[in-house]
There are 2 protein chains.
Amino acid sequence: MPSPPPFHKQLEHALAKKEIIILLATCSIDYNGRAQSSLASGDRLLIIKPDGTLLVHQPTGNVPINYMKEGTHIHITAQPNVWLLHAHHPKNQEFMTIELTRIYHLYTQQVHDGEKIILHGHEKDMSDMLYAQPDLIEPGLRAVSREEKTEFGFIDVLCYDQHNNLVIIECKRNQADFKAVEQLQRYVEKVKQSKGITNVRGILASPSISANAKTFLEQLGYQHVAINPPHFKEQHRKNQKKIGEY
Amino acid sequence: MPSPPPFHKQLEHALAKKEIIILLATCSIDYNGRAQSSLASGDRLLIIKPDGTLLVHQPTGNVPINYMKEGTHIHITAQPNVWLLHAHHPKNQEFMTIELTRIYHLYTQQVHDGEKIILHGHEKDMSDMLYAQPDLIEPGLRAVSREEKTEFGFIDVLCYDQHNNLVIIECKRNQADFKAVEQLQRYVEKVKQSKGITNVRGILASPSISANAKTFLEQLGYQHVAINPPHFKEQHRKNQKKIGEY
DNA sequence: GGGGAGAGATGCCGC
DNA sequence: GCGGCATTTCTCCCC
């Protein structure tokens, strides 16, 4: 029975055929590009995708410890006791060198997946809700526009109140912070300036706001309205049910 | 020769022994937690780490299409034609169900890696440089403090100029945007207020700034100074050399 | 644990 | 391509 081709030949073959490559190995890593990094030797999981994505995962943590994005050119060279995996992203001017000293496992395969994820519960769902039902914010509000583009950014929801003051609403699906207040401030000030009016109100709609951000908000003369993103409670109830199902 | 244990037994064993688990399979996925998502059937790479991290990768892209963070409890159940992988993160109140219909490949192993990455070229390197050499910004500047905490955030570098005006410097290692200008504005206004003085200057130090952000900055009476993060040119030179080496 | 801010942020959509 | 901005942002640091 003929022996299998050497590791680097297998890898080259998989790269050429644009297979997904799963490699568990002891390696050290150097990166040079938008920043510089070095990582001493350890056991890691390397993933090379058909689109030229390279991910390096340690045994813990959510995020790859090193990575190269789609469009990376990869090649491997065999040396007496190590393999050198060179990764180069021409457009981003990024380079990575992985020195492999021990190969635990290599698997490669053609994969097919054309499906896209369907995601709900993001901020747009919240601004959709407030555009459809502005009285969740305050009785008498009339919604005028959504995602209105200004020179200084996009206004989530624009309304008039019952006294015909313009009302600018900025939504956050999570707790609001300084940045959210500043976004609101930027839109309000810009609209006042460009329309030459002063009766413009600013409302920050979010489930909560940090104490400091609230102080800041109120100093600027704006309001916070506590609003949960849509289906927040239903979602929680579903979770509770699922606990029972387990 | 005895046949190997069924897939779900192998997986249970690996979970119990806290091995890293690499699984290439056809699956569909539902997630419920901070948001809700569903993903129809396709070929994906699943990774389960010893710390309870679960990653789902499609054949393209940098980022996992679905994930559960460290601390996730995972168990698997076998049904007539499918396996159900249940993932539950108690603290985050998150749930994921993965329906596996075809197993291409399963590999599990103990892994060891205690190494930490060494990273250079981040923003702190830049504020360190400006604290040490404030005259890179403007002749006659005297640095007073770094990372100074205020009620409204942290000031990167605080200086006095040759006319004894207080100068607040905000650093960005990349192109500055609206948010950077607003951060600077917040610090300057807060310092003016808390110290009861008006001669406070604001300087944004970054390699570049977007046109709109620059307009905004100047309307507020602040300045932009073009500064590259340290070793930027050296880094580029290194890259150039590496191109030659290839 | 919360707050504040950077990140080799990433990804999406707009122009 | 850049710009503006949300992200199941993530991660780190400091209180």
### Closest to side chain of Ser210(B), choosing from dG3(D), dG4(C), dT9(D)
dG3(D)

### Query
Once you round to the nearest 0.5 Å, how far does CG of Asp156(B) lie from CD of Glu170(B)?
4.0 Å

## Note on the structure
Correct closest heavy-atom pair for Met68(A) and Ala87(A) would be CE-O, 3.8 Å

### Task
Rounded to the nearest angstrom, tell me the gap between atom CD1 in Ile117(A) and atom C1' in dT7(D).
13 Å

### Summary
Of Asn212(B) and Ser37(B), the one whose closest nucleotide on DNA chain D sits nearer the 5' end is Asn212(B)

### Query
So Phe95(B) and His88(B), would you call those rings parallel, tilted or perpendicular, with 30° and 60° as cut-offs?
parallel

### Message
When you measure from the side-chain N and O atoms of Arg34(B) to the phosphate of dA6(D), is any distance below 4.0 Å, counting only OP1 and OP2?
### Response
no

#### Entry: Between P of dG3(C) and CZ of Phe152(B), the distance in whole Å
14 Å

### Task
Quickly work out the Leu39(B) CG to dT8(D) C1' distance and round it to whole Å.
14 Å

### Query
When the C1' atoms of dG14(C) and dT8(D) are considered, how many whole Å apart are they?
24 Å

### Task
For dC14(D) and dG8(C), measure between their C1' atoms and round to the nearest Å.
24 Å

### Message
For Lys192(A), I'd like to know if atom NZ has over 12 heavy atoms of other residues, nucleotides or ligands within 6.0 Å.
### Response
yes

### Query
Is any side-chain N or O of Gln183(B) closer than 4.0 Å to OP1 or OP2 of dG4(C)?
no

### Task
Would you kindly give the CD1-to-C1' distance between Ile65(A) and dT11(D), to the nearest whole Å?
11 Å

### Message
Looking at Lys69(A), I'd like to know whether one of its side-chain N or O atoms comes within less than 4.0 Å of OP1 or OP2 on dG8(C).
### Response
no

### Query
Is any side-chain N or O of Asn66(A) under 3.5 Å from a base N or O of dG8(C), one able to act as donor and the other as acceptor?
yes

### Task
Find which nucleotide of DNA chain C each of Val63(B) and Ile209(A) is nearest to by heavy atoms, and output the residue with the more 5' nucleotide.
Ile209(A)

### Query
Are OP1 or OP2 of dG1(D) and a side-chain N or O of Lys91(A) less than 4.0 angstrom apart?
yes

### Query
So what does Lys172(B) hit on the nucleic acid, given a heavy-atom distance under 4.0 Å: a base, only sugar-phosphate, or nothing?
sugar-phosphate

### Query
CD of Glu151(A) versus C1' of dG14(C): gap in Å, rounded?
16 Å

#### Entry: Euclidean distance, Lys49(A) NZ relative to Ile74(A) CD1, rounded to 0.5 Å
12.5 Å

### Query
Distance check: side-chain N/O of Gln36(A) vs OP1/OP2 of dG8(C), anything under 4.0 Å?
no

### Query
Do the charged groups of Arg34(B) and Glu94(B) touch, with an N to O distance under 4.0 Å?
yes

### Task
Would you tell me if any nitrogen or oxygen in the side chain of Asn174(B) comes within less than 4.0 Å of OP1 or OP2 on dA9(C)?
yes

#### Entry: Rounded distance [0.5 Å steps], CG in Leu217(A) versus CG in Asp177(A)
11.5 Å

### Task
Tell me what Glu170(B) touches on the nucleic acid: a base, only sugar-phosphate, or nothing, going by heavy atoms under 4.0 Å.
sugar-phosphate

### Message
Heavy-atom nearest nucleotide on DNA chain D for His122(A) versus Phe154(B): which residue maps closer to 5'?
### Response
His122(A)

### Query
To the nearest angstrom, how far is Phe178(B) atom CZ from dA6(D) atom P?
13 Å

### Task
Please state whether the phosphate of dC5(D), meaning OP1 or OP2, lies under 4.0 angstrom from any side-chain nitrogen or oxygen of Arg173(A).
no

### Query
If you look at every strand shown and take non-hydrogen atoms under 4.0 Å, does Tyr187(B) touch a base, only sugar-phosphate, or nothing?
sugar-phosphate

## Note on the structure
Rounded to whole Å, CD of Glu147(A) lies from P of dC15(C) at a distance of 12 Å

### Message
Roughly how many Å apart are dA7(C) and dA6(D), using the C1' atom of each and rounding to a whole number?
### Response
15 Å

### Query
Can you find a donor-acceptor pair, distance only, under 3.5 Å between Glu94(A) side chain and dG8(C) base?
yes

#### Entry: Nucleotide opposite dG11(C) in a Watson-Crick or G-U pair, distances under 3.5 Å
dC5(D)

### Query
Does Tyr67(B) have a side-chain nitrogen or oxygen under 4.0 Å from the phosphate oxygens OP1 or OP2 of dT9(D)?
no

### Query
How far, in whole Å, is dT7(D) from dA5(C) if one measures between their C1' atoms?
16 Å

### Query
With respect to the phosphate group of dT8(D), does any side-chain polar atom (N or O) of Gln93(B) fall under 4.0 Å of OP1 or OP2?
no

### Query
For Lys149(B) and dG2(C), what is the distance between atoms NZ and C1' respectively, to the nearest whole Å?
11 Å

